Amino acid sequence: MTTDIKVKEEVKSNFPIFDTLQSSEHEQVVICSDPDTGLKAIIAIHDTTLGPALGGTRMWQYESEQAALRDVLRLSRGMTYKAAISGLNLGGGKAVIIGDSRTDKTEALFRSFGRFVDGLGGRYITAEDVGMTVREMEWIYSETKYVTGIPKTLGGSGDPSPVTAYGVYMGVKACAKKAYGSDSLGGKKIALQGAGNVASYFARHAAGEGAKLYLCDIYDEKANALAEEVGAEVVAPEAIYGLDVDIYTPCALGGVINDETLEQLSCDIIAGGANNVLDEEDRHGQLLLDKGIIYAPDYVINAGGLINISSELEGYDEKRALQKAGNIYNTITDILSYSDEHGIPAHKASNALAEKRIKTIGDIKNTYSSKAGISGRLGEVYKRFQD
Ligand code: NAD
């Protein structure tokens, strides 16, 4: 056991925990420590107005504990917005495990983490994120049922890429409708960055509709194989931004909308599956608006992955997940209209609409319903009363 003196010293360092959580509007942060297994993890629950907080667990060697805390607070907040704008009845959460994902993984550590997740009784539901693989998720799953994104063999949804890519495809179509008055991609020239999982499924949809694709990957063999399959033209990775195309679809890495690439891009639409596309969210989001380029916010258009794993909660059905991901078309349409009406960048319009949904759905919960009563704290008592 730690001595009193040591605890007091830590407290004296005066890290403003409650101020930090209040300004980022977090509900709960759980510090998980298990010296026997070496587990050091933080679970952040941002907002559960719409439902349980869902978000992946990331394993990362952070340079400091504060850096880990900052990351988990930032990521969990992002999940609240992503779930809300996607029409899901879920809140935002995230977990980080501090450690080296190449050397520090043991069964005991992840099972210990699973027990912490279980202790939250479903307020937080986890999934796979950076630094994690199916093997660790299965270890966590052996200690708690509050896990999504588990393999198909265990009754889960498996690889989310087909559903993510379908959502991206529908989001691109919504942007095309806005730009050209028709959502057909037939004859449209698309620069596709990446030839990985999401890009490949997207390319099949777009090429199937008659789009002319130009694609790249840092691995020539991946680019060549996909190009041959869908009848696309391969370009060098650094040439992707300067192409004379209608649509740019980033499906590889983040930070690709920056000062340098903005000078080269001449497309009407930027819409793709990659995360964190805007290098500096506010500045580059505004620059896209100023240049008249239609932008589909990344966390909205790539929400098919979240939609897919969340479908596990109601019994996974791929058709249903695809149908829900198809709704990204309407969501992007609404965001672009709101952006127009208010003269604000699309990412801000999206945040505003997400906040609006949380507020309005939160408010209806003020009215008593038997559903709320039965699933609430006194649910069992209430039910017995009725019997
Ligand atoms: P992936 O690893 O299968 O594909 C990424 C591809 O990009 C790889 O083939 C890689 O070689 C290539 N690449 C890397 N750097 C490149 C560069 N500079 N230029 C061109 N190509 C480059 O990954 P994925 O699952 O297809 O995910 C793609 C993006 O979508 C990522 O940003 C990911 O975070 C995001 N995303 C994926 C999902 C999903 O369901 N898989 C869900 C939401 C968001």
Side-chain angles (χ1 to χ4, degrees), residues 54-56 58 60 75 78-79 81-83 85-86 88 94 127-134 137 148-152 156-172 190-206 213-227 229-230 232-243 248-258 260-261 264 270-279 296-312 316 318 321-322 324-325 328:
L54 192 151
R58 174 170 293 198
W60 197 254
L75 294 166
M79 291 307 294
Y81 283 80
K82 188 165 187 155
I85 196 69
S86 305
L88 299 172
K94 205 85 184 185
E128 193 177 320
D129 200 85
V130 176
M132 301 284 283
T133 70
V134 170
M137 295 316 293
T148 50
I150 50 176
K152 280 198 165 139
S157 56
D159 176 15
S161 307
V163 177
T164 302
Y166 183 65
V168 171
Y169 165 64
M170 294 304 282
V172 169
I190 302 180
L192 178 60
Q193 187 172 37
N197 289 319
V198 176
S200 299
Y201 286 104
F202 170 81
R204 289 170 198 135
H205 288 300
L213 292 164
Y214 302 84
L215 62 85
C216 69
D217 199 286
I218 44 170
Y219 296 109
D220 289 346
E221 61 280 13
K222 281 178 107 170
N224 290 336
L226 181 60
E229 184 195 330
V230 300
E233 198 174 302
V234 176
V235 300
E238 59 282 4
I240 199 82
Y241 309 104
L243 297 176
Y248 163 49
T249 300
C251 285
L253 69 169
V256 288
I257 304 299
N258 53 47
E260 211 177 294
T261 59
Q264 302 172 54
I270 297 176
N275 274 316
N276 307 318
V277 164
L278 302 175
D279 189 29
D298 49 7
Y299 77 88
V300 183
I301 193 169
N302 72 19
L306 174 64
I307 291 168
N308 195 55
I309 58 172
S310 73
S311 300
E312 279 180 27
Y316 187 66
E318 188 169 3
L322 283 167
K324 282 207 249 172
I328 287 175

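Starting from 1, each residue takes its place in the sequence as its number. When a ligand or atom number is given, it counts from 1 through the structure's own listing order. Computed from a prediction, not measured in an experiment: that's the story for all the values here.
Taking CG of Leu54 as the start and NZ of Lys94 as the end, the distance is 9.0 Å to the nearest 0.5 Å.
The shortest side-chain heavy-atom distance between Thr164 and Asn308 does not fall under the 4.5 Å cut-off.
Side-chain contact, Glu312 with Thr148: no donor N or O sits under 3.5 Å from an acceptor N or O. Remark: the Thr261 side chain and the Asn258 side chain contain an N/O donor-acceptor pair separated by less than 3.5 Å.
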Write none if no such pair exists; otherwise list each N/O atom of ligand 1 with its protein N/O partner under 3.5 Å and the distance.
residue  : atom   : partner : partner atom : Å
ligand 1 : 3 (O)  : Asn197  : N            : 2.9
ligand 1 : 3 (O)  : Asn197  : ND2          : 3.2
ligand 1 : 9 (O)  : Asp217  : OD1          : 3.4
ligand 1 : 9 (O)  : Asp217  : OD2          : 2.6
ligand 1 : 9 (O)  : Lys222  : NZ           : 2.7
ligand 1 : 11 (O) : Asp217  : OD1          : 2.7
ligand 1 : 26 (O) : Asn197  : N            : 3.2
ligand 1 : 26 (O) : Val198  : N            : 2.8
ligand 1 : 30 (O) : Gly273  : O            : 3.2
ligand 1 : 32 (O) : Ala252  : O            : 3.4
ligand 1 : 32 (O) : Asn275  : N            : 3.4
ligand 1 : 34 (O) : Asn275  : ND2          : 2.9
ligand 1 : 40 (O) : Thr164  : OG1          : 2.7
ligand 1 : 41 (N) : Ser161  : OG           : 3.4

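A distance-only check finds a donor-acceptor pair linking the side chain of Asn302 to the backbone of Gly273 [under 3.5 Å].
Between Tyr169 and His205, the angle of the ring planes stays under 30°, which puts this pair in the parallel group of the 30/60° scheme.
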